[in-house]
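We name chains A, B, ... by the order of the sequence lines, and we start the count at 1 in each one.
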Amino acid sequence: MSRIASKFAHLQAQSRKALIPFITAGDPEPGQTVPLMQALVAGGADIIELGVPFSDPMADGPTIQRASERALAYGISLRIVLGMVREFRKHDADTPVVLMGYANPVEAYGVEAFARDAKAAGVDGALIVDYPPEECAEFAATLKAAGLDPIFLLAPTSVEARYAEVGAMGSGYIYYVSLKGVTGSAAIDLDEVARRIPAIREKVGLPVGVGFGVRDAATAARIAAVADAVVIGSRIIEIIEQSPPGEAPARVGEFLRGVRVAMDAKG
Amino acid sequence: MPENTYKLPDERGHFGKFGGIFVAETLMPALEELRLAYEAALCDPAFRAEFEYELEHYVGRPSPIYHAKRWSELLGGAQIYLKREDLNHTGAHKINNCIGQALLARRMRKPRVIAETGAGQHGVATATVAARYGMECVVYMGSEDVKRQAANVYRMKLLGARVVPVESGSKTLKDALNEAMRDWVTNIADTFYIIGTVAGPHPYPMMVRDFQSVIGRECLEQMPALAGRQPDAVIACVGGGSNAMGIFYDYIPHGEVKLIGVEAAGHGLESGKHAASLTAGRPGVLHGNRTYLLQDDNGQIIETHSISAGLDYPGVGPEHAWLKDSGRAEYVTITDAEALAGFHALCKYEGIIPALESSHALAYAAKLAPTLGKDKVLLVNLSGRGDKDMHTVAEKSGIQF
Ligand SMILES: Cc1ncc(COP(=O)(O)O)c(C=O)c1O
């Protein structure tokens, strides 16, 4: 069983839901990425989504764009990100790490080499935002062959025929984007989420995580009541942005603890 | 005449290994809706008739072909003919595509149109058609370009558009395109995204090519009447590649006609400051398709340079990538300095002020013509007029307004 699958199995046995924070590797500066990841785990993260910075993050709102730009100013490359995961793995053999990013840096690295090196570094899955299932059968197969989970997005606008398609190609979990728009957009339609999840879970056959627009503990708790995982990104990046130098890990950890408590109370 | 046996792209927008649909799941249904609406429109004679009516009466088509005799004489070789897209309403080929997409937007009952723009030419053309059809219009433009292109920003505002400066990334065309995509994904229900060139995810490269292909279709008819035959080569500048695809497309099955795309070499390829994606780039994925890109070793898109803002783009339409790899078209480069020389030559010898983008195609024709006999015929797409470039050219000559 993959580290992601066993994490979900373990949580399910305890009737708890997964908390999946997102940070961009190299933001606010490279030295803080591993401490931030550790602080996320200490704050109650079950899985970490680690953003690979890209010059043209078309699917991201202003907050994650800024994080990407800060990281790129330090010259953060995919190779460096893999090094960060290797460093994190030295002290944490348990928390799955999923890389989230765009196709071009992965293709520039080479798909085969990426799958091999990511696995060796201790990465568990990858979500390439601009690789819809139609364009990446080979990529998904390469990841799976290397023992990595290819993770796909579903959206409120996705037709139901799409559920089975991504279910067949993906593994690990499915990331349900809870609103129409880019990351960090404001409103989240909780009723829509509640309505959609059962059908997705049934047709996809994987745990369903919900993200885009989750900003506080109360919303996270309400999502946890209907989904298998809650993904929080832009809000965490904002906390990192607003933290005085060196304090980002502590502040992010504190925020996550509040979310964790709220989710477990409901869960 | 041979049947056009060239039938690309495939169902999912592939030109060989290029093109396709590389976008987040949130955009997939919008692209599917667009593809179906476009296919339906193509089968509707009323849609085609209205498009043709607008091209004739609003744009002023067909645009003439002009034999640049004096300049050809001076160059002492092949005869140069100019396809006069500069005479179109708004002064460039961009309007052909904007009318097609705006009519499609109206058919799809989308009252709001958005666009990205670099120099502002596509923004002006979009604002123009939005005014013409009574649509709300928002144009995204890198904040650097907003500063450099004040006159076009004002033009767009006069036409009723809202111009949004984009502060992310390099604050230029590619970032404006990212921002327009973000707007689209957020406002899909009432918004149509009018992309200005043969780039983006399927169906855009195909659709924009189809709307622009009126250029080459007219040439195919005009050349025999004017020159007694088809040209030996068709030459066009390539930014995203829409004016080039527009004039190339109907010539693709005519194997005896050379197709030559001219990219911007900026300060020279070796300087690294250029926009020659096909000549100096590597295949990758950007803005929804696979194509040649200017990128660093880590797959980050790099900043480009050209004296002409319209060619200043790190990617290129996927069909050009295919035409290059298949050998059907060849791609060459022209530096800023060479383009300027071409610009001045046309002003001086033919009384035509060309756009700096088009000046790249002219400059290559000026290089090629003297190497060929006087019986050879070159057809250059004069994609736009140079009024918008007065400031840039004057500045290069040390003149301030
Ligand atoms: C006159 C003119 N020619 C050419 C271009 C380049 O675009 P494309 O390569 O899509 O024709 C532009 C773009 O703004 C333009 O204004």
- [ ] Measure from the side-chain N and O atoms of Asp130(A) to the backbone N and O of Phe22(B), and report whether any donor-acceptor pair falls under 3.5 Å.
- [x] no
- [ ] Go through the atoms of Leu72(A) and report whether side chain, backbone, both or neither lie under 4.5 Å from a heavy atom of chain B.
- [x] side chain
Task: Side-chain heavy atoms of Ile301(B) within contact of Asn104(A), under 4.5 Å - done: yes
TODO: Give, as side chain, backbone, both or neither, the part of Ile302(B) having an atom under 4.5 angstrom from any heavy atom of chain A.
DONE: neither
Task: Atom CD of Glu112(A): over 12 foreign heavy atoms under 6.0 Å - done: no
Task: Closest approach of Thr157(A) to Pro29(B) (non-hydrogen atoms, all atoms of both residues) - done: O-CG, 3.2 Å
Open item on the list: Is it the case that over 12 heavy atoms from other parts of the model lie below 6.0 angstrom from the CG atom of Asp190(B)?
Closed with: yes
Open item on the list: Using a 6.0 Å cut-off, check whether atom CZ of Arg162(B) has over 12 heavy atoms from anything other than its own residue.
Closed with: no
Task: Taking every non-hydrogen atom, the tightest pair across Gln295(B) and Ala108(A) - done: OE1-CB, 4.1 Å
TODO: Identify which part of His287(B) has an atom lying under 4.5 Å from any heavy atom of chain A, answering side chain, backbone, both or neither.
DONE: both
Open item on the list: Counting only heavy atoms from other residues, nucleotides and ligands, does the tally under 6.0 Å from CD of Glu29(A) exceed 12?
Closed with: yes
- [ ] Kindly give the heavy-atom pair with the smallest separation between Ile21(B) and Pro132(A), and that separation in Å.
- [x] O-CG, 3.2 Å
Counting only pairs under 3.5 Å, give me each side-chain donor-acceptor contact of residues 194-207 of chain B, with atom names and distances, residues two or more places apart or in other chains.
unit_1    : atom_1 : unit_2    : atom_2 : d
Thr197(B) : OG1    : Gly241(B) : N      : 3.3
Thr197(B) : OG1    : Ser242(B) : N      : 3.3
His202(B) : NE2    : Glu11(B)  : O      : 3.4
Tyr204(B) : OH     : Tyr193(B) : O      : 2.6

TODO: Could you tell me whether a side-chain N or O of Arg182(B) sits under 3.5 Å from a main-chain N or O of Gly61(A), the two making a donor and an acceptor?
DONE: no
Open item on the list: Other residues, nucleotides and ligands only: do more than 12 of their heavy atoms fall within 6.0 Å of CD on Gln242(A)?
Closed with: yes
Open item on the list: Under a 4.0 Å threshold between the charged nitrogen and the carboxylate oxygen, would Arg290(B) count as salt-bridged to Glu107(A)?
Closed with: yes
Open item on the list: Surrounding CZ of Arg79(A) (heavy atoms of other residues, nucleotides or ligands, distance under 6.0 Å), is the total greater than 12?
Closed with: no
Open item on the list: Do Leu153(A) and Thr26(B) make a side-chain contact, defined as non-hydrogen atoms from C-beta onward lying under 4.5 Å apart?
Closed with: no
Task: Rounded distance (nearest 0.5 Å) linking atom CD1 of Ile80(A) with atom CG of Asn298(B) - done: 7.0 Å
TODO: Could you tell me which portion of Glu32(B) (side chain, backbone, both or neither) has an atom closer than 4.5 angstrom to a non-hydrogen atom of chain A?
DONE: neither
Task: For chain B, which residues of residues 47-58 of chain A have heavy atoms nearer than 4.5 angstrom - done: Pro53(A), Phe54(A), Ser55(A), Asp56(A), Pro57(A), Met58(A)
Open item on the list: Please check if the number of heavy atoms outside Lys144(A) that lie under 6.0 Å from its NZ is greater than 12.
Closed with: yes
- [ ] Let me know if Glu69(A) has heavy atoms under 4.5 Å from chain B in its side chain, its backbone, both or neither.
- [x] side chain
Open item on the list: Once side-chain hydrogen bond (donor to acceptor under 3.5 Å, both in side chains) is applied, do any residues pair with Asp124(A), and if so which ones, sequence neighbours excluded?
Closed with: Arg3(A), Arg89(A)
Open item on the list: Report which part of Asp297(B) has an atom under 4.5 Å of a heavy atom belonging to chain A: side chain, backbone, both, or neither.
Closed with: backbone
Task: Where Ser168(B) and Gln65(A) come nearest, the two heavy atoms and their spacing - done: CB-OE1, 3.1 Å
- [ ] Please flag which part of Leu78(A) lies under 4.5 Å from any non-hydrogen atom of chain B: side chain, backbone, both or neither.
- [x] neither
Open item on the list: Once rounded to the nearest 0.5 Å, what's the spacing between atom OH of Tyr176(A) and atom CD of Glu25(B)?
Closed with: 10.5 Å
Open item on the list: For Leu127(A), which atoms come within 4.5 Å of any heavy atom of chain B: side chain, backbone, both, or neither?
Closed with: neither
Open item on the list: Which residues in residues 158-166 of chain A have any heavy atom closer than 4.5 Å to a heavy atom of chain B?
Closed with: Ser158(A), Arg162(A)
